[in-house]
Amino acid sequence: TQPDALLLVIHHLAVDTVSLRILAEDLRGAAAQIARGLAPGLPPRTSSFKRWAERLVEVARGEDIVDELPFWLAEGRQRVLPLPVDHTRGEDDEAGARTVRASLGEEETTALLGRVPEVYRTQTPDLLLTALAQALAPWTGRALTLVDVEGHGREEIDPQLDLSRTVGWFTTSFPVLLELDPTLGPGEALTAVKEQLRAIPGHGLGYGLLRYLRGDPALAERLGALPRAEIGFNYLGQIDGLAAAPSPSVRPRARTGPPRAPGQRRAHLLEVVAAVSGARLHIELVHGEGRHDRRTIEVLSQRFVASLRLLIEHCLSPGAGGPTPSDFQRAKLTQDVLDMLSGMDPDAGVGDNS
């Protein structure tokens, strides 16, 4: 006999990846209580999505967020050029989307998530974006890369708001300008990208607030007139909790069809999606066959993985690592000063930011 199955179908407008984790935990908890003959009970709710949305508008209309404008309107964004394409007149809709996949081994993934981040005080997206920028340079011939980065969006804008168990679509997307000298070594490249990412105000939340919620048509037009990112990047983190559990099991059991309308125009020429599942990092490069040949994206994927492996290897090598200015923002130290301080007593280290 076939086991019972429950199919959950939820539109993306209602949930994000964090929400799926909340729902999966609640479902498992309720099922376990019922199995023990208990009435199902769920933990208390947290702040409503409605209140969050109202608070976002208040922040967008406030004065503090105006301080972010110089960052989002920086001159360097004007110098971004379009990505090379193999076919200039091809369609770029969802029907033509094709995916090139790659992955790291279990040992490499364990290092990426465990030992590697502490070397330069980085996070996994720092390494992925560094490897992506390095892989793109030989293809584009440029040091500048503009990437729309997706974030969880649940930023701490109000201490009275608790979103830990709030279900909704909070995801943010904001254009990140990376400038990377192709002659830099792995450690220098990683720290350069790290510093550029740490310079983004408010984890990128302000871009959407300024462009869409501020209520300033002239400002919205200025932001909208900038070159748009043709690359999308999304690191989903460790997703095993969404796909497997002791009892009941939570996993897709049927084909659900395409998640997007075939005639829908793709938002980016290249979408980069990474996630950890089954103890391995999996990477997907999604492109449109009407614009890029599969071989072009396969070569890019190979360079991406090769760069990522070199970064991991470097971080695991003796002598690698050290603090960077963004680790001590209050002190406003330069990298030269930090290098000097670190070199004075390698065993002493440098204090934290507090």
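Owing to the predicted nature of the structure, the values given are computational and were not obtained by experimental measurement.
- With no hydrogens or angles considered, a side-chain donor-acceptor pair links S326 and E195 at under 3.5 Å.
- Counting only distance, with no hydrogens or angles, the side chain of S19 and the backbone of V167 share no donor-acceptor pair below 3.5 Å.
- In the displayed structure, R309 atom CZ is contacted under 6.0 Å by more than 12 heavy atoms of other residues, nucleotides or ligands.
- The number of heavy atoms from other shown groups lying within 6.0 Å of CD (E54) is above 12.
- Residues E155 and F170 are not in side-chain contact: their nearest non-hydrogen atoms beyond the backbone lie 4.5 Å or more apart.
- For E75, the CD atom sits in a packed shell: over 12 heavy atoms of surrounding residues, nucleotides or ligands are nearer than 6.0 Å.
- R280 and E108 are not joined by a salt bridge, as no carboxylate oxygen comes within less than 4.0 angstrom of a charged side-chain nitrogen.
- Between D158 and R55 there is a salt bridge, since a side-chain N of the basic residue sits under 4.0 Å from a carboxylate O of the acidic one.
- Counting heavy atoms from C-beta outward, W72 and P175 have side chains that approach closer than 4.5 Å.
- Remark: side-chain polar atoms of Q196 are paired, donor with acceptor, to backbone N or O of E179 under 3.5 angstrom.
- R198 pairs with exactly one of T324, T122, D126 by the side chain to side chain donor-acceptor pair (under 3.5 Å) rule, that one being D126.
- For the residue pair H152/D16, the side-chain donor-acceptor check at 3.5 Å is not satisfied.
- A heavy-atom distance below 4.5 Å is not found between the side chains of L190 and L184.
- L316 is listed as a side-chain neighbour of V116, based on a closest heavy-atom distance under 4.5 Å.
- Under the 4.5 Å side-chain criterion, counting only non-hydrogen atoms from C-beta, L104 is not in contact with H282.
- Inter-residue side-chain proximity for V286 and L270 is flagged as unmet; no heavy-atom pair is nearer than 4.5 Å.
- Under the 3.5 Å distance criterion, with hydrogens and angles disregarded, no donor-acceptor pair is assigned to the side chains of S164 and T46.
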Between H314 and Y120, does a ring pair (Phe, Tyr, Trp, His ring centres under 6.0 Å) hold up when you go through it step by step? CA-CA 11 Å; H314 166 77; Y120 288 102; 5.8 Å; yes
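- Separation of the F49 and W169 ring centroids does not fall under the 6.0 Å cut-off.
- More than 12 heavy atoms of other shown residues, nucleotides or ligands fall within 6.0 angstrom of atom CD in Q264.
- Other residues, nucleotides and ligands contribute over 12 non-hydrogen atoms within 6.0 Å of the CG atom of D181.
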Any chance you could lay out the side-chain contact (heavy atoms from CB on, under 4.5 Å) test for L213 and L56, step after step, and finish with the verdict? CA-CA 8 Å; L213 289 183; L56 280 184; 4.1 Å; yes
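- Heavy-atom neighbours of E58 CD from other residues, nucleotides or ligands within 6.0 Å: above the threshold of 12.
- Side-chain contact between T166 and W52: absent, with no pair of heavy atoms (C-beta onward) separated by less than 4.5 Å.
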Stepwise side-chain hydrogen bond (donor to acceptor under 3.5 Å, both in side chains) check, D86 with T296: CA-CA 8 Å; D86 297 317; T296 299; 2.8 Å; yes
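- Note on D148 versus R228: no salt bridge recorded, every NZ/NE/NH1/NH2 to OD/OE distance being 4.0 Å or above.
- When side chains are defined from C-beta on, P82 counts as touching E230, because their heavy atoms get closer than 4.5 Å.
- Stacking of R77 on the aromatic ring of F71 is recorded, both the 6.0 Å distance cut-off and the 45° axial limit being met.
- Not one N or O on the side chain of R98 forms a donor-acceptor pair closer than 3.5 Å with the backbone of E289.
- Under 3.5 Å, the side chains of H287 and D293 contain no donor-acceptor pair of N or O atoms.
- Taking the charged nitrogens against the carboxylate oxygens, R291 and D92 have no contact shorter than 4.0 Å, which rules out a salt bridge.
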